[in-house]
Amino acid sequence: MAQKHFVLLLLLCIGCFVNCSKTKESDNFIGFVKPAHFPSTQYSFENNVIQKEKFALGKRLFYDPVLSRNNTISCASCHIQTAGFTQHGHSVSHGIEDLLGTRNSPPIMNLAWNNSFMWDGGILDLDLLPIAPITNHVEMGETMENVLSKLNNNATYRSQFQEAFGTTKINSTTFLKALSQFMLLCVSSNAKYDSVMLGQSVFSEEEKRGYYLFQEKCNACHKEPLFTDFSFRNNGLTPSVLNDVGRNLVSLEENDKYKFKVPSLRNLDYTPPYMHDGRLLTINSVLEHYRAGVTFSSTLDPLLQKNTPPGISLGTDEKAVLVAFLKTLNDKTFITNKTLSENP
């Protein structure tokens, strides 16, 4: 009898622990907060107000492989938190049945400030972004119709959609808005650079020299504080065997050939390899490309044509201090934030 009471008490304690943990996580939910030193956002939050139930649903969907054709690939498969929400170690994305894509997985980071998405800017609305990887035959290989069918046939999801959106009928609008809720909260703004800008810290002498050099030679494209100007530029990479023409695929404009979206420089230590096709493995190799590897073409960015040969003049010492500054853009709290982590 005593043993039976002990088991019952243990189960009650476990239940209390689980419920208390859920309550604590719910109480700690803050929602979207614009960093004080960041510009205004581009996303229309009035059409998708951030709420803890919708965010929790979006996070579950982000980590659920049910969105792929054979239930093996989730959004998180190519956007891993510890790798700055990129696919660490792969030059190009590896999708369903280990099929290879043609581009490096861009980070899910600070998307509320973007006005276009993907390396070629082919998607203009964050709420539509997941459709591309879900339906791409080498990424998740599924159809939206099948995804919605699977979700509507899942009692737990129906209950969670009811809690979040007030209906058990799951459609593309509520599904996509839930995913946006999670992606919008993937905000990286707690690097050393940010604390310096907020007057909470100071750069070392090496970092300060690197910062001044960055402002002189890099800031035109990688504008602070997001470290991208969201434009599309040809940075002088030699066309690959696949001959990916970048922005031209979307615009069909000849002048857009080999132009790709300027990526943010935040969290570079966590997100190698670099460039749209992941061809460069280290930060030093990226700097060396700009120093001596820029290939001239008719659409090469004018900023890289100021020198002869084209590129950016960088000495050995200059590269060292520039790397020191770039490391101040690494945000460890972003890759360890449990709010963004998959629930155990």
Side-chain angles (χ1 to χ4, degrees), residues 35 37-39 79 81-88 91 103-119 121 186-198 201 203-204 206-237 259-291 293-294 301 303-304 311-314 318-335:
H37 59 304
F38 274 28
H79 301 282
Q81 184 183 13
T82 54
F85 286 101
T86 63
Q87 193 173 26
H88 182 72
S91 57
R103 294 174 179 172
N104 184 253
S105 299
I108 303 295
M109 176 183 67
N110 297 339
L111 297 187
W113 287 270
N114 283 248
N115 53 18
S116 67
F117 305 90
M118 314 296 271
W119 280 104
C186 293
V187 176
S188 179
S189 63
N190 291 303
K192 181 176 182 178
Y193 162 86
D194 301 297
S195 66
V196 172
M197 294 301 110
L198 294 172
S201 182
F203 288 133
S204 69
E206 188 180 31
E207 291 165 350
K208 186 186 298 183
R209 288 174 58 204
Y211 178 49
Y212 292 149
L213 186 65
F214 173 85
Q215 289 181 311
E216 176 189 345
K217 299 194 174 186
C218 311
N219 192 49
C221 299
H222 297 282
K223 291 189 179 297
E224 302 174 67
L226 296 165
F227 292 90
T228 171
D229 65 352
F230 305 106
S231 66
F232 300 89
R233 299 174 186 262
N234 177 350
N235 67 346
L237 291 173
K259 291 183 179 180
F260 295 89
K261 191 173 186 179
V262 175
S264 173
L265 299 181
R266 286 180 173 269
N267 298 313
L268 291 182
D269 270 0
Y270 312 130
T271 59
Y274 310 107
M275 302 301 181
H276 69 276
D277 54 6
R279 69 175 68 183
L280 301 179
L281 304 182
T282 66
I283 297 173
N284 276 318
S285 64
V286 172
L287 296 180
E288 187 61 19
H289 161 74
Y290 285 113
R291 188 193 72 82
V294 172
D301 196 272
L303 291 173
L304 295 175
I312 301 173
S313 175
L314 285 172
E318 288 180 316
K319 287 198 294 182
V321 298
L322 195 52
V323 169
F325 167 69
L326 291 174
K327 287 183 176 295
T328 71
L329 304 182
N330 296 323
D331 179 359
K332 191 172 182 179
T333 63
F334 181 59
I335 65 167

> With sequence neighbours excluded, what pairs up with R209 under the salt bridge (Lys or Arg N to Asp or Glu O under 4.0 Å) test?
Replying inline: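 R209 satisfies salt bridge (Lys or Arg N to Asp or Glu O under 4.0 Å) with D317 only.
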If you round to the nearest 0.5 Å, how far is [atom2] of [Y] from [atom1] of [X]?
| X | Y | atom1 | atom2 | answer |
| --- | --- | --- | --- | --- |
| C218 | L314 | SG | CG | 7.0 Å |
| I283 | L287 | CD1 | CG | 7.5 Å |
| L303 | C221 | CG | SG | 5.0 Å |
| N330 | L265 | CG | CG | 11.0 Å |
| L322 | E207 | CG | CD | 12.0 Å |
| D277 | R103 | CG | CZ | 9.5 Å |

Mind listing the closest non-hydrogen atom pair of [X] and [Y] along with its distance?
| X | Y | result |
| --- | --- | --- |
| G84 | P107 | O-CB, 3.4 Å |
| E318 | S313 | OE1-O, 3.8 Å |
| T228 | V262 | OG1-O, 2.6 Å |
| H37 | D194 | NE2-OD1, 2.7 Å |
| Y270 | T82 | CB-O, 4.1 Å |
| N190 | T333 | CB-OG1, 3.3 Å |

>> Applying side-chain contact (heavy atoms from CB on, under 4.5 Å) to V294 and H289, what does each step give before you reach the verdict?
In response: CA-CA 6 Å; V294 172; H289 161 74; 4.0 Å; yes
>> Is the distance from the ring center of F227 to that of F214 below 6.0 Å?
In response: yes
> Could you go step by step and tell me if V286 and M275 meet the side-chain contact (heavy atoms from CB on, under 4.5 Å) rule?
Replying inline: CA-CA 8 Å; V286 172; M275 302 301 181; 3.9 Å; yes
> Between P225 and M197, is any pair of side-chain heavy atoms under 4.5 Å apart?
Replying inline: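 No, side chains not in contact.
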>> Walk me through whether T282 and N284 qualify under side-chain hydrogen bond (donor to acceptor under 3.5 Å, both in side chains).
In response: CA-CA 5 Å; T282 66; N284 276 318; 5.4 Å; no
> So, K332 and D269, do they make that salt bridge, N to O below 4.0 Å?
Replying inline: no
> Which pairs, with at least one residue in residues 106-116 and sequence neighbours excluded, count as a side-chain hydrogen bond (donor to acceptor under 3.5 Å, both in side chains)?
Replying inline: N114-K261
>> Going by side-chain contact (heavy atoms from CB on, under 4.5 Å), H276 matches just one of N104, N235, L237. Which one?
In response: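 That would be L237.
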> Where do T328 and V196 land on the side-chain contact (heavy atoms from CB on, under 4.5 Å) test, with the steps shown first?
Replying inline: CA-CA 9 Å; T328 71; V196 172; over 6 Å; no
>> Around atom NE2 of H88, are there more than 12 heavy atoms from other residues, nucleotides or ligands closer than 6.0 Å?
In response: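 No.
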>> If the condition is ring-ring contact (aromatic ring centres under 6.0 Å, His included), which residues does F334 pass it with, not counting sequence neighbours?
In response: F85
> Using the ring of each side chain (for Trp, its six-membered ring), is F325 parallel, tilted or perpendicular to Y193, with breaks at 30° and 60°?
Replying inline: perpendicular
> Step by step, would you call L304 with Y290 a side-chain contact (heavy atoms from CB on, under 4.5 Å)?
Replying inline: CA-CA 8 Å; L304 295 175; Y290 285 113; 4.1 Å; yes
>> Checking side-chain polar atoms at under 3.5 Å, does Q215 have a donor or acceptor matched by the opposite partner on Y211?
In response: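 There is such a pair between these side chains.
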